[in-house]
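For reference, the structure I am asking about is given below.
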Amino acid sequence: MNIFNQFKEELNLLLQELSTQSILPDDLDARNITVEPPRDEKHGDIATNAALVLSKQARMKPRDLAECLVGPLTALEHVESVEIAGPGFINLRLSPNYLVAIVLDAIADPNGEYGSSNIGDGEKINVEYVSANPTGPMHVGHCRGAVFGDALASLLAKVGYAVTREYYINDAGAQIDVLARSAYLRYREALGEEVGDIPEGLYPGEYLVSVGEKLARLYGDKWLKAPEAEWLTVIRDFAAAEMMDMIRDDLASLGISFDLFYSEKTLHDSGRIADALAQLDAKGLIYEGVLEPPKGKLPDDWEARPQTLFKSTQFGDDVDRAVKKSDGSWTYFAADVAYHLDKYQRGFSRMVDVWGADHGGYIKRVQAAVTALTDGEGDLDVKLCQLVRLFRNGEPVRMSKRAGNFVTLRDVVDEVGKDVVRFIMLSRKNDATLDFDFSKVTEQSKDNPVFYVQYAHARICSVRDKAAEQLPEIDETDEEDIDLSLIQDPAEIRLIKTLANWPRIIESAAMAHEPHRVAFYLYDLASDFHALWNKGNDNPELRFIIDNNVALTRARLVMILAVRWVIASGLEILGVEPAEAM
RNA sequence: GCGCCCGUAGCUCAGCUGGAUAGAGCAACUGACUUCUAAUCAGUAGGUCGAGGGUUCGAAUCCUUCCGGGCGCGCCA
């Protein structure tokens, strides 16, 4: 249920009617018409720009066209008044009783999840996120993309997409050999060898110690004197699997799980990369060539060199891209081409990748590959997550990878909790940097949005319990008998209007791939609720529980329980548990 | 040099894919606690939406040129 969509349908019917009466032309393009809540309450409950958008097509002045619509709109049920404003906006005012009833009934409806919709129409969509190299534990930098991707996936599911959450394991590159060598060193250490400082170029982290110990238990001294060629593959696979276990645990601490972990290595082993590149070749998009040197500062070792290139420029990229290294192996990009083709072949025309902002330069080439391989059928949206800057009491937290004192995802979750991390990570647009202050995010004040929203939820639970205690007869009221027309105060109506907006928020957030809008909405909803609560402090008649008035109390409980429901529903999308008490 | 992202109140940020007089929070000032949790609320003040030009009924939003900041820029992942 979405009252704005509902009125848009009514409006479309009216427009058709005007077409048959030849007041409007037959083939109207109504796509740009919006039916939405006006920014200013004085403009009523629902506003439409229909007359402005259609005036050119209708060859009428906007206000004249609007005049034609006023009559039929006024005749609609529950419409209290219709006004033409400004250049030709049409503002509708609904009867307050109707507005209250339709919103609260929709939220209470056990057969429909208020806010859910089916604009996705069951279409498959693949959301790929995190995809951290399996070479160590996850650090805070991964955190944001992890939460963002997870919440986006939930959001898309909420609007009717068939979502697959996917993690691409980069287990094929040189860094995985480094992991193997690092683990091998720890293996020797576990067998009693003195290894001293970890050499430059290997991973020094303590987390590999237990991997070395496990290897020692598994293989004894079998690899101790063996050349690298003999142990590399075995230890590499073992260590990578160990790292993935660790990463899965880290993700679980954030409440994140995936439908599929996809290994880059399998792309190489199965010949899928060669297949994908052959497809591009068949389309005439692969050639041997020499790239222009980049303008400006040249890399020190730059030299003209023939390469196997993909004509990504044909699809909007800035330069053509190499798919083979000089040793004949595939580039990372080649694997990614095959990976995205594979997603498409698995039925995902729609794909979303969540990357760190430092990968921005990579977007065009992958999109070019998707367009080329799917003849434009596939759609890849890439969402970049900007940096998270850590602070403690306003002071930046210094991190250096070399010193090994970088903050891990687990450190953060252990200190402030999953819910705080998740909410804060979504409290900014993905492409804006985010400041995360350990002291601020655990503060219990409205400066902290997590707390503020949780507090509203907890307060409602508190009222609910209090009401059951104070007015036991309340439960005897039949659901049908609740008189919602008792909800009349302007602050109450404002709250109802905010609730009415929830389906629009979900829908627009999902279409824009912007889960942060949900977090901002919840803050606004909590704010409306807190405002109403405090009006009850000033004016006891506006409290939710009115001792001698069961009917009114009942109606108000329905209202605030609706708020509670929407908050819980929104938090669920964000992956945050609502608090019953604080 | 080129590409992408960003620039909105003193600070941190929203702004519903082009709508009406640009909104919150923090900080500042004024006020509300024998309460359904004051962990909150109400009010005041604060703006050339980086700058110029363009598109149109209408621009913070789209196009263009500058200015300033971030990221990236032939085989890394």
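Every chain is numbered from 1 and lettered A, B, ... according to where its sequence line falls, protein lines coming before strand lines.
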Consider the side chain of Arg459(A), meaning its heavy atoms from C-beta on, and name the nucleotide among C41(B), C57(B), U37(B) that approaches it most closely.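 Looking only at heavy atoms from C-beta outward on Arg459(A), the closest nucleotide is U37(B).
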At 4.0 Å (heavy atoms only), tell me whether Ala85(A) reaches a base, stays on the sugar-phosphate, or touches nothing. base
Hey, does the side-chain of Arg428(A) have a donor or acceptor N/O within less than 3.5 Å of a partner on the base of C13(B)? no
If you check the Lys429(A) side chain, which of G15(B), G19(B), G25(B) turns out closest? G15(B)
When all nucleic acid strands are considered with a 4.0 Å heavy-atom cut-off, which category describes Ala47(A): base, sugar-phosphate, or nothing? base
Categorize Ser508(A) for me: base, sugar-phosphate, or nothing, with a 4.0 angstrom heavy-atom threshold over every strand shown.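 Sugar-phosphate contact only.
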Can you figure out which of C13(B), G25(B), C76(B) approaches the side chain of Asp447(A) most closely? G25(B)
Presence of Lys535(A) side-chain N/O under 4.0 Å of C41(B) phosphate oxygens OP1/OP2: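 So the side chain of Lys535(A) is outside the cut-off, no N or O lying under 4.0 Å from OP1 or OP2 of C41(B).
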What's the closest nucleotide to the Gln175(A) side chain, out of A77(B), C26(B), G3(B)? A77(B)
Describe the nucleic acid contact of Lys61(A) in one word from base, sugar-phosphate, nothing, applying a heavy-atom distance below 4.0 Å.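 No contact.
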Want to know the stems of RNA chain B: at least 3 consecutive Watson-Crick or G-U pairs with distances under 3.5 Å, which are they? B:1-7 with B:67-73, B:10-13 with B:23-26, B:28-32 with B:40-44, B:50-54 with B:62-66
Base, sugar-phosphate or nothing for Ala174(A)? Non-hydrogen atoms, less than 4.0 Å.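 The residue Ala174(A) makes sugar-phosphate contact but no base contact.
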Describe the nucleic acid contact of Tyr523(A) in one word from base, sugar-phosphate, nothing, applying a heavy-atom distance below 4.0 Å. sugar-phosphate
What's Leu291(A) touching, base or sugar-phosphate or nothing? Going by heavy atoms closer than 4.0 Å.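 Here Leu291(A) touches the backbone only, sparing every base.
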What does Asn537(A) touch in the nucleic acid at a heavy-atom separation under 4.0 angstrom: a base, only the sugar-phosphate, or nothing?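 Base, at least one base heavy atom under 4.0 Å.
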Roughly how far apart, to the nearest Å, are G50(B) and A60(B) at atom C1'?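 The answer is 12 Å between these two C1' atoms.
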Starting at the 5' end of RNA chain B, which residue's closest nucleotide do you reach first, Gln470(A) or His516(A)? His516(A)
Side chains of Tyr262(A) and Asp342(A): donor-acceptor distance under 3.5 Å anywhere?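 The answer is yes; a qualifying pair exists.
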Please pick, from G25(B), G19(B), C76(B), the nucleotide with the shortest atom-to-atom distance to any side-chain atom of Leu52(A).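 Nearest to the side-chain atoms of Leu52(A), counting from C-beta on, is G19(B).
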Taking C71(B) as the reference, what is the distance to A14(B) when you measure between their C1' atoms (whole Å, please)?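 Result for the C1' pair: 24 Å, nearest Å.
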Closest heavy-atom contact between Arg459(A) and Asn534(A)?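 Heavy atoms of Arg459(A) and Asn534(A) come nearest at NH1-OD1, 4.3 Å.
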Check ring-ring contact (aromatic ring centres under 6.0 Å, His included) between Phe423(A) and all other residues, then give those that pass, not counting sequence neighbours. none
Taking the side chain of Val463(A) as its heavy atoms from C-beta onward, which of C6(B), C76(B), C36(B) lies nearest to it? C36(B)
Please report the distance separating the P of U44(B) from the corresponding atom of G25(B), rounded so that it comes out in whole Å. 12 Å
Taking atom types as they are modelled, would you say the side chain of Asn49(A) forms a donor-acceptor pair with the base of G19(B) within the 3.5 Å cutoff? yes
Which part of the nucleic acid does Gly360(A) contact within heavy-atom distance under 4.0 Å: base, sugar-phosphate only, or nothing?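 The answer is nothing, as Gly360(A) stays clear of every strand by at least 4.0 Å.
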Find the distance between CG (Leu309(A)) and CG (Leu291(A)) and round it off to the nearest 0.5 Å.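 Answer for the CG-CG pair, Leu309(A) versus Leu291(A), is 4.5 Å.
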Just checking Asn91(A): base, sugar-phosphate only, or nothing, at a heavy-atom cut-off of under 4.0 Å? base
Side chain of Ala458(A) (C-beta onward), nearest among U37(B), C4(B), G15(B): U37(B)
5' precedence on RNA chain B between Asn170(A) and Ile90(A) (nearest-nucleotide basis): Ile90(A)
Assign Pro62(A) to base, sugar-phosphate, or nothing according to its heavy-atom contacts below 4.0 angstrom with the strands shown.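 Pro62(A): no heavy atom of the nucleic acid under 4.0 Å.
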Nearest to the Ala322(A) side chain among G15(B), C41(B), C75(B), which nucleotide is it?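 Output: C75(B).
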Does a side-chain N or O from Lys364(A) land closer than 4.0 Å to OP1 or OP2 of G3(B), or not?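 No, outside the criterion.
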Check every atom of A14(B), C36(B), U17(B) against the side chain of Ala512(A) and return the nucleotide holding the closest atom. U17(B)
Tell me what His530(A) touches on the nucleic acid: a base, only sugar-phosphate, or nothing, going by heavy atoms under 4.0 Å.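 Sugar-phosphate only.
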I'd like to check the ring-ring contact (aromatic ring centres under 6.0 Å, His included) partners of Phe438(A); sequence neighbours left out, ordered by chain and number. Phe436(A)
If you check every side-chain atom of Asn534(A), which of C5(B), U12(B), C41(B) has the closest atom?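 Minimum distance to the Asn534(A) side chain belongs to C41(B).
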When all nucleic acid strands are considered with a 4.0 Å heavy-atom cut-off, which category describes Arg321(A): base, sugar-phosphate, or nothing? nothing
Name the nucleic acid region contacted by Tyr452(A), choosing base, sugar-phosphate or nothing; use a 4.0 angstrom heavy-atom cut-off, strictly under. sugar-phosphate
Is a side-chain donor-acceptor pair under 3.5 Å present for Tyr129(A) with Asp353(A)?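 No donor-acceptor contact under 3.5 Å links the two side chains.
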Rounding to an integer number of angstrom, what distance separates G53(B) and U48(B) when you compare their C1' atoms? 16 Å
